[in-house]
Structures are given as structure tokens and as C-alpha cells.
J.: 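Quick one: the structure is below, questions incoming.
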Amino acid sequence: QVQLVEAGGGLVQAGGSLRLSCGGSGRTVGSYAMGWFRQAPGKEGEFVATISWRGGSTYYADSVKGRFTISRDNAKDTVFLQMNSLKPEDTAVYYCAGGTAAWAGDSPWEYDYWGQGTQVTVSS
């Protein structure tokens with residue numbers, strides 16, 4: 001059984017930084033594209049960022065471009081989301097998602113595996 005586990009969420013003031021991580025069990029994270037999505041209270045889930053299986057290609061939502069960086073360490077089977085210059089509107093539950101190909105885009109339908117989510121709260 002495949003499991004993705006996120007870590008690193010928490011409470012931070014606006015302008016601060018957090019680094020999320022996502023590890024997998026039952027499946028090698030490093031063999032597939034990985035993405036991050038988020039869902040704020042009362043809102044639909046939205047795409048945040050994605051990275052190709054080797055890390056050579058990335059793609060970001062406009063709302064986080066220039067502030068967030070997705071990366072991966074395949075030797076450690078881990079994907080990261082570095083979040084800088086955080087804003088209150090970044091408050092959400094962040095989910096790690098695993099694709100089944102070398103690349104996956106911004107649609108949740110391209111991902112088959114999901115973590116349980118980690119809460120990020122940005123205070124003003």
C-alpha cells in the first residue's frame with residue numbers, strides 16, 4: 001500500500017517561511033512526478049507546484065510563483081516545498097500528491113496518490 005506523509009506545517013507570521021516535506025512508503029517517490037496542492041477553509045482545492053521525476057522541470061501556480069520552490073531528493077525519497085514570503089492567503093491544508101509518470105501537470109486527476117495533509121497557518 002502506498003502512503004505519502006507530509007511534515008513541516010505550522011503557524012507562521014506573514015512574511016515568514018516554512019519548509020514542507022513529503023516522503024513515501026510502499027512506493028519510490030523518486031520514480032514519478034510529484035506535486036503539491038492546497039485547500040483553504042471553504043474553498044476548493046488548488047494546485048500549488050509540480051516537479052518532474054528527476055527534478056529537471058517544475059511548474060508553479062501564479063499565486064506562489066517567485067515565493068515557493070519545489071525540489072526533491074530522490075536519494076532520500078523526499079519532495080520539499082520551500083515557502084517564503086508567506087501571506088495570510090496561503091493559509092490552507094497542504095497535500096503532497098504522487099503521479100504515475102515522469103511528468104504531471106496542474107490537474108489533480110493526474111495524481112493517484114495523496115498524503116493526509118499538513119496545516120499551514122499564516123497570521124497577519
Side-chain angles (χ1 to χ4, degrees):
Q1 185 176 358
V2 176
Q3 284 188 319
L4 298 177
V5 180
E6 304 96 337
L11 173 64
V12 64
Q13 288 188 333
S17 298
L18 282 174
R19 189 191 196 200
L20 306 183
S21 63
C22 172
S25 63
R27 178 177 184 260
T28 302
V29 168
S31 299
Y32 304 95
M34 296 294 294
W36 288 94
F37 289 76
R38 66 185 182 185
Q39 186 166 22
K43 295 186 178 180
E44 292 188 358
E46 65 171 337
F47 165 78
V48 175
T50 185
I51 187 167
S52 60
W53 76 286
R54 285 184 172 177
S57 297
T58 58
Y59 178 66
Y60 297 91
D62 287 343
S63 59
V64 306
K65 199 173 297 182
R67 300 187 298 121
F68 291 11
T69 302
I70 188 171
S71 62
R72 64 193 304 158
D73 184 341
N74 287 347
K76 297 183 178 179
D77 227 19
T78 304
V79 177
F80 304 96
L81 185 68
Q82 178 67 44
M83 305 185 295
N84 298 329
S85 302
L86 282 161
K87 305 175 181 179
E89 51 263 44
D90 294 318
T91 294
V93 177
Y94 283 71
Y95 297 90
C96 172
T100 56
W103 174 255
D106 59 5
S107 169
W109 300 107
E110 298 181 71
Y111 301 83
D112 282 3
Y113 305 102
W114 296 83
Q116 83 288 350
T118 185
Q119 176 70 47
V120 171
T121 302
V122 184
S123 62
S124 57

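The model shown is predicted, which means the values in this text are computed figures rather than measured ones.
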J.: So with a 6.0 Å cut-off around NZ of K43, is the heavy-atom count from everything else above 12?
T.: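 Not buried by this count: 12 neighbours or fewer within 6.0 Å.
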
J.: If you look at every heavy atom in C96 and M34, which pair is closest and at what distance?
T.: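 In this case the closest contact between C96 and M34 is SG-CE, 3.4 Å.
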
J.: Show your working on side chain to side chain contact (heavy atoms under 4.5 Å, CB included) between L18 and F68 and close with a plain yes or no.
T.: CA-CA 10 Å; L18 282 174; F68 291 11; over 6 Å; no

J.: Show the nearest heavy-atom pair for residues S17 and Q82, with the distance to one decimal.
T.: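 The pair with the smallest heavy-atom distance is CB-NE2, 3.9 Å.
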
J.: Shared ILVMFWY cluster between W36 and Y95, side chains joined below 4.5 angstrom?
T.: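 Different hydrophobic clusters.
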
J.: Counting N and O atoms only, with roles assigned by atom type, does the side chain of N74 sit under 3.5 Å from a partner on the main chain of R54, one being a donor and the other an acceptor?
T.: no

J.: Which atom names give the shortest non-hydrogen contact between A33 and A104, and what distance separates them?
T.: CB-N, 3.4 Å

J.: Evaluate side chain to side chain contact (heavy atoms under 4.5 Å, CB included) for M83 paired with V12, printing each intermediate quantity in order.
T.: CA-CA 11 Å; M83 305 185 295; V12 64; over 6 Å; no

J.: As an exercise, state the distance from OG of S124 to CD of Q13, rounded to the nearest 0.5 Å.
T.: 9.5 Å

J.: For F47 versus F37, what's the shortest heavy-atom pair and its separation?
T.: CA-CD2, 3.4 Å

J.: Going through the checks in order, is the side chain to side chain contact (heavy atoms under 4.5 Å, CB included) test met by T91 and Q119?
T.: CA-CA 8 Å; T91 294; Q119 176 70 47; 4.0 Å; yes

J.: Is it true that Y111 and Y32 fall in one hydrophobic cluster, defined by side-chain heavy atoms closer than 4.5 Å?
T.: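 They do not share one cluster, since no chain of ILVMFWY contacts under 4.5 Å joins Y111 to Y32.
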
J.: Any side-chain heavy-atom pair from V122 and E89 closer than 4.5 angstrom?
T.: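 No, every pair of side-chain atoms sits at 4.5 Å or beyond.
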
J.: Are the side chains of R38 and V64 in contact, using a 4.5 Å heavy-atom criterion?
T.: yes

J.: Can you tell me how far apart SG (C22) and CD1 (I70) are? Round to the nearest 0.5 Å.
T.: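 If I round to the nearest 0.5 Å, the distance is 9.5 Å.
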
J.: State, yes or no, whether a side-chain contact exists between L20 and V120 at a heavy-atom distance under 4.5 Å.
T.: yes

J.: Mind checking whether T100 and Y113 have side chains closer than 4.5 Å, heavy atoms only?
T.: yes

J.: Using 0.5 Å steps for rounding, measure from the CZ atom of R19 to the CZ atom of F80.
T.: 4.5 Å

J.: Is it true that a side-chain atom of E110 and a backbone atom of G105 form a donor plus acceptor pair closer than 3.5 Å?
T.: yes

J.: Counting N and O atoms only, with roles assigned by atom type, does the side chain of R72 sit under 3.5 Å from a partner on the main chain of S52, one being a donor and the other an acceptor?
T.: yes

J.: Looking at K65 and D62, is there a salt bridge between them, counting it only when a charged N and a carboxylate O are closer than 4.0 Å?
T.: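 Result for this pair is yes, salt bridge flagged.
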
J.: Do W103 and T50 have side chains that get closer than 4.5 Å, going by heavy atoms?
T.: yes

J.: Please report the closest heavy-atom contact between E46 and S63, naming both atoms and the distance.
T.: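 In this case the closest contact between E46 and S63 is OE1-OG, 4.4 Å.
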
J.: Check whether any side-chain heavy atom of E6 sits under 4.5 Å from a side-chain heavy atom of Q116, and report yes or no.
T.: yes

